[in-house]
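Only one structure is covered here, and it is reproduced in the block below.
Predicted, not measured: the structure shown is a model, and the values here were computed from it. Every number for a ligand or one of its atoms is a count from 1 in the order of the listing.
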Amino acid sequence: MFSSRRSFIRHTAALLGSVALHQNTASAFPGLSPDYSGLKDAASDEDFWRQVRMAYAASPTMINLNNGGVCPMPRATMDALDYYNRMSSEAPSYYMWRILDQDREPLRENLAAIAGANPDEISINRNATESLNTVIFGLDFQPGDEVVLSKYDYPNMINAWKQREKRDGIKLVWVDLELPSEDEEYLVNAFVSRFTDKTRLVHITHMINWCGQVLPVRKIAEAARARGIESLADAAHSFAVLDYKIPDLACDYWGTSLHKFLCGPIGTGMMWIRKEKIEKVWPLLSAPEPRSADIRKFENLGTRSFPIEMALGYSVDLHNLIGSARKSERLHYLKRYWMSRVKDLPGVKLNTSLKHEWSCAIGNFSIEGQKPGDIADKLFQKHKIHTVAIEWEQIKGVRVTPNVYTTTDDLDKLVRGIEGMV
Ligand SMILES: Cc1ncc(COP(=O)(O)O)c(C=O)c1O
């Protein structure tokens, strides 16, 4: 089979000047039809979601509820990755640069379409760390310039800012938060009250990874802009989870990982920079024109895996086939499903809001008198349920993150596991 595919590649590549491998969506995702427009109440339609599950190689025995860490790729993406790797291994420089790389611009357009952005504002890279570090290290600041950030931001970004503090003498102004919160005014003020005439940028994590709290990025970014302050959104957990477009956030810079809820190959990410700001951000790695206004200056990574980047297209297809809104509703539904069943158990505390506006896929719970690590260990040892224990600032609990391939049966097992521990 491989040799016939290989000759197919050679011929189509020669004819079309591109790998043109992509099968149509229906054959890449058997059982899923592109037309689900008539499907009402999809969030609780278990038949539909069982078909979605078949698009993944989800373990039939272990229940993976740590999709907040990294998500599995669909089978079609895995196949494409394997195929592109084999193809590239035949003659890497030929297949990677002359064939696979020709799909970069269509991929950029497809990602931009999901993000509601101009493709010229989208850079494809390896993860959220790379996206956000590019901005953090790429902006010019003077000693004494202030950056407002929260104690609940992700460590890789906190450490990047701390490095700038040490190296360039900028001042970090920390926001502390009482979480979970459903109080927009409180959350906005927690940031805005820290702004001074020296503030240059506010760093906002759209969905906080420790507990799933959603922050009102738009309100904070608008308040910042009104004072001439720029904003950077960490969208690692919100992209392809919450149903939004980047312009809805009103921020200037944005970054995500695509191996989280877009379910891309591991080691894929995306950065967005408002068009007029691209020029002033220095690239993290060398570029022929570092002050260029072309977003592609950030993609000068040297030799890396093109198969990983290009196999991403299949994950994009599956995301579009499910639909951003439908996927988001299902993730809300799954979170509410298990959380509402455990919330009144004795000793159980929810560290995540149940409300639509303030959370989505991620839920965090604790049990009085029990360490998060012990709870997570017991869930795995007794029930083969994989979760993650969180101890960060004031948040101490177990984080549970289902995905579109998670069934309500899986969550019933989780609920029984928690019931057994209280
Ligand atoms: C909020 C947040 N930002 C950024 C990252 C970094 O993502 P990556 O390791 O894919 O770069 C993570 C990882 O979990 C995260 O939770």
Side-chain angles (χ1 to χ4, degrees), residues 64-73 77 111 123-138 147 149-163 175 177 179-180 187 191 202-217 220 231-242 244 246 249 251 253-272 284-285 298-299 301 304-305 308-309 312 315 331 351-352 358-364 386-393 395 397-403:
N64 179 22
L65 294 177
N66 188 15
N67 290 278
V70 61
C71 296
M73 343 168 193
T77 308
L111 288 168
S123 163
I124 302 161
N125 58 23
R126 290 168 293 190
N127 50 44
T129 302
E130 182 174 346
S131 301
L132 300 165
N133 275 223
T134 297
V135 177
I136 296 172
F137 290 120
V147 168
L149 71 170
S150 139
K151 293 181 176 177
Y152 292 93
D153 292 326
Y154 194 70
N156 289 357
M157 311 328 142
I158 290 183
N159 292 336
W161 284 120
K162 284 184 174 168
Q163 188 168 314
V175 170
L177 294 168
L179 298 175
L187 292 168
F191 286 84
V202 56
H203 180 120
I204 316 156
T205 300
H206 194 186
M207 184 185 289
I208 293 175
N209 55 296
W210 315 113
C211 60
Q213 173 77 42
V214 172
L215 292 179
V217 177
I220 300 168
S231 53
L232 166 61
D234 178 342
H237 284 279
S238 67
F239 184 62
V241 174
L242 298 175
Y244 74 101
I246 298 175
L249 300 186
C251 59
Y253 310 100
W254 176 103
T256 195
S257 296
L258 299 175
H259 46 232
K260 289 197 190 277
F261 271 84
L262 194 74
C263 301
I266 295 164
T268 49
M270 167 172 151
M271 175 175 71
W272 172 90
L284 206 51
L285 301 174
F298 300 107
E299 292 176 7
L301 301 178
R304 78 284 200 172
S305 170
I308 285 180
E309 291 179 352
L312 189 52
S315 303
L331 296 172
N351 303 312
T352 308
W358 301 111
S359 65
C360 184
I362 295 177
N364 181 312
H386 176 50
T387 56
V388 63
I390 301 282
E391 297 216 23
W392 184 263
E393 296 289 331
I395 300 167
V398 174
R399 186 180 74 181
V400 173
T401 322
N403 201 334

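Summary of contacts: the protein heavy atom closest to atom 3 (N) of ligand 1 is D234 OD2, 2.6 Å. The protein atom (non-hydrogen) at minimum distance from atom 11 (O) of ligand 1 is T129 OG1, 2.6 Å. Looking only at heavy atoms of the protein, atom 7 (O) of ligand 1 is closest to S257 OG, 3.4 Å. Of the protein's heavy atoms, Y154 CD1, 3.2 Å lies nearest to atom 15 (C) of ligand 1.
Put simply, the side chain of W210 gets close to the backbone of Y152: a donor and an acceptor are under 3.5 Å apart. The closest donor-acceptor contact from the side chain of S257 to the backbone of K260 lies at 3.5 Å or more, if one exists at all. T256 places no side-chain N or O within 3.5 Å of a backbone atom of M270 that could act as its donor or acceptor partner. For K151 (side chain) and V175 (main-chain N/O), no donor-acceptor pair under 3.5 Å exists by modelled atom type.
Residues T352 and N364 have side chains that never bring a donor and an acceptor to within less than 3.5 angstrom of each other.
Between L132 and G255 the shortest heavy-atom distance is CD2-N, 3.8 Å. Shown here for V214 and L187, the closest heavy-atom pair between the two residues is O-CD1, 4.3 Å. Looking at every heavy atom in both residues, N403 comes nearest to C263 through ND2-SG, 3.9 Å.
Close contacts of ligand 1 with K260, meaning ligand atoms under 4.0 Å from a residue heavy atom, involve 12 (C), 13 (C), 14 (O).
Only the side chain of A236 comes within 4.0 Å of ligand 1, counting heavy atoms alone; its backbone N, CA, C and O stay farther away.
Some N or O of H237 is nearer than 3.5 Å to an N or O of ligand 1, by distance alone. Considering both main-chain and side-chain atoms, H259 comes within under 3.5 Å of ligand 1 through a nitrogen or oxygen pair. No N or O atom of T205 sits closer than 3.5 Å to an N or O atom of ligand 1.
Heavy atoms of M157 approach ligand 1 to within less than 4.0 angstrom. For the ligand labelled ligand 1, residue N156 lies outside the 4.0 Å heavy-atom shell.
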